[in-house]
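Reading through the structure tokens given below for one structure.
This structure is a prediction, so every number in the text was calculated from the model and none was measured. Here is how names work: the chains are called A, B, and so on, in the same order as the sequence lines, proteins then strands, and each is numbered from 1. In what follows, every heavy atom counts, from backbone to side chain, and hydrogens, waters and symmetry copies are set aside.
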There are 2 protein chains.
Amino acid sequence: MSNIRIDVKSRTPIFEQLCAGIREEILSGAMAPGEALPSVRSLACELAINPNTIQKAYAELERQKLISSAPGRGSFVSDDIRPAMGAFEERILEDLRAAVHRARLCSIEKKKLTDLIDKEWEGTKQ
Amino acid sequence: MSNIRIDVKSRTPIFEQLCAGIREEILSGAMAPGEALPSVRSLACELAINPNTIQKAYAELERQKLISSAPGRGSFVSDDIRPAMGAFEERILEDLRAAVHRARLCSIEKKKLTDLIDKEWEGTKQ
DNA sequence: TAACTGTTCTAATCGTGTTAGTACAGATAT
DNA sequence: ATATCTGTACTAACACGATTAGAACAGTTA
């Protein structure tokens, strides 16, 4: 959980970096369903970021049904993250759409795209 | 050239939308190498945007070697756009990398990725 | 009760994209 | 030469959103 890297100088807002980082932890299984997230205040202290920014990220993750929060209890990874998974696959489709669109502009062959995926896939095998 | 759509309410800056639009015109061949771009002032008038914003976009495109500008003469599509092409292919690779990375998080099969590319490719055939 | 939790709110600050206006220098047609 | 176009540079002001700061409220738990 605490291996999330925040770049305060980045153009992407801190709360979005937080969302992406935590989302990755959850989807990758590094955080199990039901597991407790650090409290808003403690994570804010750990990352040297304002609690409001953490709160904003948590609220967004809750909207995406990746976590659930309750006053007094804390925030926890959702028991069922499949709905969030589905939305995430949509993001992947958008990535591929963008790549195909750009490839058409450069008149790149389709085979080159699938070859690149092959190569990237092998290169990231654990 | 003038079929570039600018969304002033978008989160992405206007000058980036301009860059993307003009880049697309050039890479797709809609604008030929050597062809003149509209002047900073005329395009600003046509799109109802401040000339400084157009200038910022042109400066960025020149940095990417997609166009070249000279005071008094105007701005023109570069004679040789292959260097810019190369950089653009890098962007495609990044898109695919992101997709592969996200797919791994969801434990999506590689075949599903290539299938999606197949489908998207067919769907965008002119 | 005390100490934790999330949540909400306002005000101030800061960065950056955008606008507005002006000015300068090079090119070109008249 | 003059007029008019071109790109370029600069400052000041404005707008918007992200972030911070601080306070307050409500629910949970030991």
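- Annotation: side chain of Ile67(B) is not in contact with side chain of Phe76(B) (no heavy-atom distance under 4.5 Å).
- Rounding to the nearest 0.5 Å places CG of Leu18(B) at 5.5 Å from CD1 of Ile49(B).
- The CD-C1' distance, from Gln55(B) to dA9(D), rounds to 9 Å in whole Å.
- The pair Lys112(A)-Glu89(B) meets the salt-bridge criterion, with a side-chain N (NZ, NE, NH1 or NH2) lying under 4.0 Å from an Asp/Glu carboxylate O.
- Defined by atom type and a distance below 3.5 Å, a donor-acceptor pair is missing between the side-chain atoms of Glu120(A) and His101(B).
- Salt bridge annotation for Glu60(A)-Lys65(A): absent, with no cationic side-chain nitrogen under 4.0 angstrom from a carboxylate oxygen.
- Lys9(B) places its NZ atom 12 Å from the P atom of dG17(D), with the value rounded to the nearest Å.
- Atoms CD1 (Ile49(B)) and P (dA15(D)) sit 18 Å apart, rounded to a whole Å.
- Where Thr53(A) and Ser42(B) each meet DNA chain D at their nearest nucleotide, the meeting point lying more 5' is that of Ser42(B).
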Anything under 3.5 Å between a protein N or O and an N or O of nucleotides 22-26 of chain D, put it in a table, one pair a line.
unit_1  : atom_1 : unit_2   : atom_2 : d
dG22(D) : O6     : Asn52(A) : OD1    : 3.4
dG22(D) : O6     : Asn52(A) : ND2    : 3.1

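- Using a 4.0 Å heavy-atom cutoff across all strands shown, Glu62(A) reaches sugar-phosphate atoms only and no base atom.
- Rounded to an integer number of Å, the gap from Tyr58(B) OH to dT6(D) P is 10 Å.
- A straight line from NZ of Lys56(A) to P of dT20(D) spans 11 Å, rounded to a whole angstrom.
- Environment of NZ in Lys110(A): crowded, with over 12 heavy atoms of neighbouring residues, nucleotides or ligands closer than 6.0 Å.
- Residue-environment remark: CD (Glu109(A)) stays at or below the threshold of 12 foreign heavy atoms within 6.0 Å.
- The shortest distance between side-chain heavy atoms of Arg104(A) and Lys125(B) falls below 4.5 Å.
- Ionic pairing of Arg97(B) and Glu94(B) is not present here: no N-O contact between side-chain nitrogen and carboxylate oxygen is shorter than 4.0 angstrom.
- Note that the first and last nucleotides of DNA chain C, 5' to 3', having any atom under 4.0 angstrom from a heavy atom of chain A are dT5(C) to dC9(C).
- Comparing Arg11(A) and Ser69(A) by the nucleotide of DNA chain C that holds the closest heavy atom to each, the one mapping nearer the 5' end is Ser69(A).
- Taking the nucleotide of DNA chain C with the nearest heavy atom to each of Thr12(B) and Arg73(B), the more 5' of the two is matched to Thr12(B).
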